[in-house]
Amino acid sequence: MKIGVFICWCGSNIKNMVDVERVAEATGKMPHVVYTQDVQYLCSEVGQSDIGNAIDEHQLDRVVIGACSPRMHETTFQQLMNRKGLNPYYVEIANIREHCSWVHTDKAKATVKAIDLVKKAVAKSYYAVPLHAESLPVNKRALVIGGGIAGIQAALDIADAGYPVDLLEKESSIGGKMAQFDKTFPTLDCSACILTPKMVEAATHENITLHTYSELEDVSGYVGNFHVTIRKRATSVDEERCTGCGECVTKCPAKVDNEFDQGHSKRKAIYTLFAQAVPNKPVLDRKNCIYFKTGKCGVCKKICPTDAINYEMEDQLIENDYGAIIVATGFELNEPTHLGEYHYGHHPDVITSLELERMLNASGPTQGKMYRPSNGKEPKRIVFIQCAGSRDRHDGNSYCSKVCCLYTAKHTILLNEKFPDTESYVFYIDVRTAGKNYEEFYERARQMGANYLRGHVSKVEPLGDSDNRLLVRGYDGSLGEQTEIEADLVVLATSIEPQQGAKKLAGMLGISSDRNGFYSEAHAKLKPVETQTQGVYLAGVCQGPKDIPEAVSQASGTAAKAIVLFNRGQVKGVPTTAMVDEELCSGCMQCKPVCPYEAISQEMITERAHGKARQRPVASINRALCQGCGACAGLCRSGAMDIGGFTGRQLLAEVDTL
Amino acid sequence: MLGYYPGCTVRAQKEDGFEQESLAILAALGIKAQELEEWECCGAVYPMAQDEYVGLLASVRALNQTEKEEKDGLLTLCSACYHVLKRVNVRMKNDEEAQKRVGNYLEMDYKGQTEVYHLMEVLRDMVGMNSLKEAVTEPLKNEKIASYYGCLFLRPQKEINLVDGENPQLMEDIVRALGAEPVTYPYSTDCCGSYHTCQEEGVSRQMSLKLVESARRAGATQMITACPLCKYNLEKCQESMEKEEKLPIHYMTVPIVKAMGGMKTLERKGEAHAYSAENSSQSSA
Amino acid sequence: MRIPQKTAASHQREELADIIRKDVRDCYQCMKCSSGCPFAEEMDYMPHQMMWLTNLGLYEKILNSKSLWICASCLACSSRCPRDIEPAKVMEGFRAMILRERGRTNVSPVIPKGVPRQAVIANMRKFRR
């Protein structure tokens, strides 16, 4: 065995805190080490060719690198090994930057530690075994969960590339939150005007199948081969027969608060979500249906000209296989009743931004007219409170909801345009306008007359006057004075939150959430649409607050990832998976329950003993599912389980050098 | 049987009638309370400095005494006593360091077991608004009553946990039960100026006046409170006004007594309760 | 104002931290404390300015301020602080630092006739030693 050791300076990153020459010298004395060198940048072309030349010249069969984290350049070095005809798992990396030079301040001690780290890597490489990744076929069909703008965009992109897509939506129509908005910032495009063409395109695309009023029931499998069960909730309306004429909706006697209008209008028990709903066929909300509550009524059934109403309809379970899953489940808005100082829920004229959005919307509950919920009159003075529950560690969410600054600017602009005699006051902590043309948009809001006051509002309380107005008590940082405003309407920029069911879905998909409940991407910078589970991608606000252009770009990003996967047609598995030594395995199957990926099953093998063949159970690894976490190897009592690249022998050799 | 902690202020101002009226109301509604055999001043302020333990001692003694006397909780009337006793109790429940230090000093093992109650809490949780309403014989039809809680009953919400600190409705519910109309007015949860009355008198006066004016503008015919200091400040700020200009400030017991038929009626009812309790093995409350 | 060369020494910062057990550096100057403070008009430094002076280490300004002796711990600020810093507690911390070691107070009591005992005791406990 011939080992070469290469120590990287990483410019001054390592060299300033570690005596690289001493490291090279010390490790050069280890058995089997035939060559050592310290190089300014190992990742550079020069560095790469230095390693390549040494491999040729000294016939090296193992390479040990002392450099940055393997997360950075492991692939770079593995590819070099491949080019030189060596197994890529014959390269071992000691992290002497993140684990050493960057975190220490004493050069002498850091050097000793670096020597130890490289020695460990050398010892480990003695026992390296060649590893090979397996190729697995990919089912070229995608599932997109969530029919908001992100989900629609992802579905359209994948479908346009020629692959079939199933688009899953829990409401009765696709469109998501964007369908509720009036205008969009910073261009003031009509939200519906730019969204509905995409909705129609998705519905009519030959490669897209819509599953509305449906939810994910179960997921199993792995990248390229997910097996999914979808629950299509009973709509009580036969889709084939229904023509969408709307007779049933008109005649239905049961009225309930319309969630789409944030409760500012009524809908029927049988209803379509909104006028441009896709598909434009009603669903029956059984919780509020008089027939389902009392057994009497049945008006919709009687009146339907095509006999499409079916009270006996049951939930349907649809099973399908997919190669990739895109999660685009969006968000919810926090209901700020817990922020007692703002009086939301106690006074009808304290509303949320989304309620205002519906009010301003021409197809909203008031056809775009502003009104005070308390008395129906037009509000003249409107106060906006920013960060109502965002950036609030005390009684809210600690993160920034990101879009409120801009949509509030939009609201003040729209109000000033449509109702020139209204006054807008915005209490803010910071105004954040990072984004193309966003600063200009904020400027426009101020020029058009919005009054921005820097300071958080401490209390909103009823004024107790005949008009039932509100007293907003704030502070104007510029004046350096407490500032009170008598307001007709108070609008709270409420916090964006993950969907209620986000955790449950994460469990089904095997993806993780951050401390705020948003889904975690695989890498904050370089893998922003991937998750830790291969083949599952994230688009839109389910991954964190973002605006429409960001959600759309991210959605197209996920589509690209899925298309790459489908084009390739196969996936390389992780080679550093668990391996069973069948000779040693007793078949106790203790490893099975600890496996988080359900990659372990029992298998019968045939053995010959004393001239007789006999059957014996052993553990078997599905290498496609195994992620190499090592839980099984740590637990195995007979020492039959090992992890490729991290065998017990290798780890012990590392320990022995210390 | 509740333990009863009068506190120095309420006891010293006996002639105000707050104590007498409160106990009479409770007795008439079948709630029994007996003064603790031993008690001392709660300290009037909760020690906010986290490293200070001496300020906890007096309250812990009272809380422990309640347990020793096997009472079902500790009733108090004064806002300061309620605030301090309750917060000390929360601290003793959750702060192991405080348990250790106070326990060592007082040679007792107290971990916040005693429940602390205020009169208005007893009316809500033990009597119930419906029973209170039933006990009203002379509804206060023409009164518009502004309730003023004062900071000590409202904050910190998590520890005091008596009402919604930003939008309290308990005294308002009591007002409704009495047949009067509750008044909503701005600044109702603001401070009255508190103990500045002994130092920067002008500050207290100004702040109290803001509250009184706000209540008056909202149409109040009287203000009620359960805090002796708030009552003092709210009255004092109107000192120089003509009598008819003044907004009457009452303890919250005053309208209750009135609506229930006056002190004489209450005392009679209380005696009847005591008599029936003596003659049956069951004890109420 | 020119920030002086010498700001609060680390032992002073530690002393404050021991008393209040809060990290004032969490403050992002939203001014909610000042917006709801019923005593703001009487203060020389607003509550949010007191928090900022704390972070800058300009303790002398705080220790000499009038605001410290105006704050009556009504807790309006503390109950609404989105960063959970509890400005009233921070004020109490500085008062305690003065009363415990420096032995001075800026307050001279006036005790009008008929004032409830509760106020007299509270005033003593809060502002004197």
Side-chain angles (χ1 to χ4, degrees), chain A residues 334-352 372-375 381 383 385 387-389 392-396 398 425 427 455-475 481-490 492 494, chain B residues 48 90 143-173 175-176 180-193 203 206-207 209-224 234 247:
Chain A
N334 170 263
E335 200 174 330
T337 43
H338 55 98
L339 299 161
E341 64 265 41
Y342 298 142
H343 237 70
Y344 183 80
H346 293 296
H347 193 295
D349 297 336
V350 182
I351 63 171
T352 66
R372 300 179 63 209
S374 64
N375 62 8
R381 201 177 237 199
V383 172
I385 301 177
C387 304
D392 186 336
R393 232 184 255 168
H394 176 62
D395 208 2
S398 59
Y425 293 88
F427 281 100
H456 216 14
V457 167
S458 71
K459 183 124 188 172
V460 177
E461 43 193 346
L463 202 50
D465 65 346
S466 56
D467 272 345
N468 203 8
R469 281 181 305 162
L470 292 151
L471 183 69
V472 180
R473 298 170 59 190
Y475 188 87
E481 258 182 51
Q482 284 183 340
T483 307
E484 295 182 347
I485 298 176
E486 292 167 354
D488 298 317
L489 195 67
V490 172
L492 305 178
T494 52
Chain B
M48 275 204 290
V90 170
E143 290 291 340
K144 293 177 85 173
I145 303 180
S147 301
Y148 181 69
Y149 292 76
C151 319
L152 295 169
F153 283 120
L154 302 176
R155 297 177 283 265
Q157 165 94 56
K158 276 188 188 123
E159 290 172 49
I160 301 295
N161 200 23
L162 172 67
V163 289
D164 174 346
E166 295 287 2
N167 185 38
Q169 286 298 315
L170 175 50
M171 279 164 82
E172 283 77 356
D173 287 342
V175 166
R176 276 185 207 101
E181 187 188 326
V183 172
T184 314
Y185 61 104
Y187 312 113
S188 60
T189 58
D190 276 21
C191 177
C192 69
V203 176
Q206 225 175 331
M207 292 174 63
L209 199 59
K210 191 172 173 184
L211 291 165
V212 171
E213 291 302 335
S214 179
R216 196 202 308 275
R217 265 199 306 276
T221 55
Q222 60 168 289
M223 270 177 107
I224 57 167
L234 294 172
L247 186 66

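The chains referred to below are lettered A, B, ... by the order of the sequence lines, with proteins before strands, and numbering in each begins at 1.
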Going by side chain to side chain donor-acceptor pair (under 3.5 Å), name the residues that satisfy it together with A/T483, two or more places apart in sequence or in a different chain.
none
Would you say A/H347 and B/T184 make side-chain contact, with heavy atoms under 4.5 Å?
no
For the student: nearest non-hydrogen atoms of B/K158 and A/H394, plus distance
NZ-O, 4.0 Å
OG1 of A/T337 to CG of B/D164, rounded to nearest 0.5 Å, is 10.0 Å
With B/C191 via side-chain contact (heavy atoms from CB on, under 4.5 Å) - residues at least two apart
B/C151, B/S194, B/M207, C/P38, C/F39, C/C74
Do you know which two heavy atoms are closest between A/L471 and B/P186, and how far apart they sit?
CD2-CB, 3.8 Å
Taking the side chain as every heavy atom from C-beta outward, state whether A/D395 and B/Q157 have any pair of such atoms under 4.5 Å apart.
no
Name the one of A/K459, A/E461, A/H343 that satisfies side chain to side chain contact (heavy atoms under 4.5 Å, CB included) with B/E166?
A/K459
Can you tell which part of B/S188 gets under 4.5 Å to a heavy atom of chain A, answering side chain, backbone, both or neither?
both
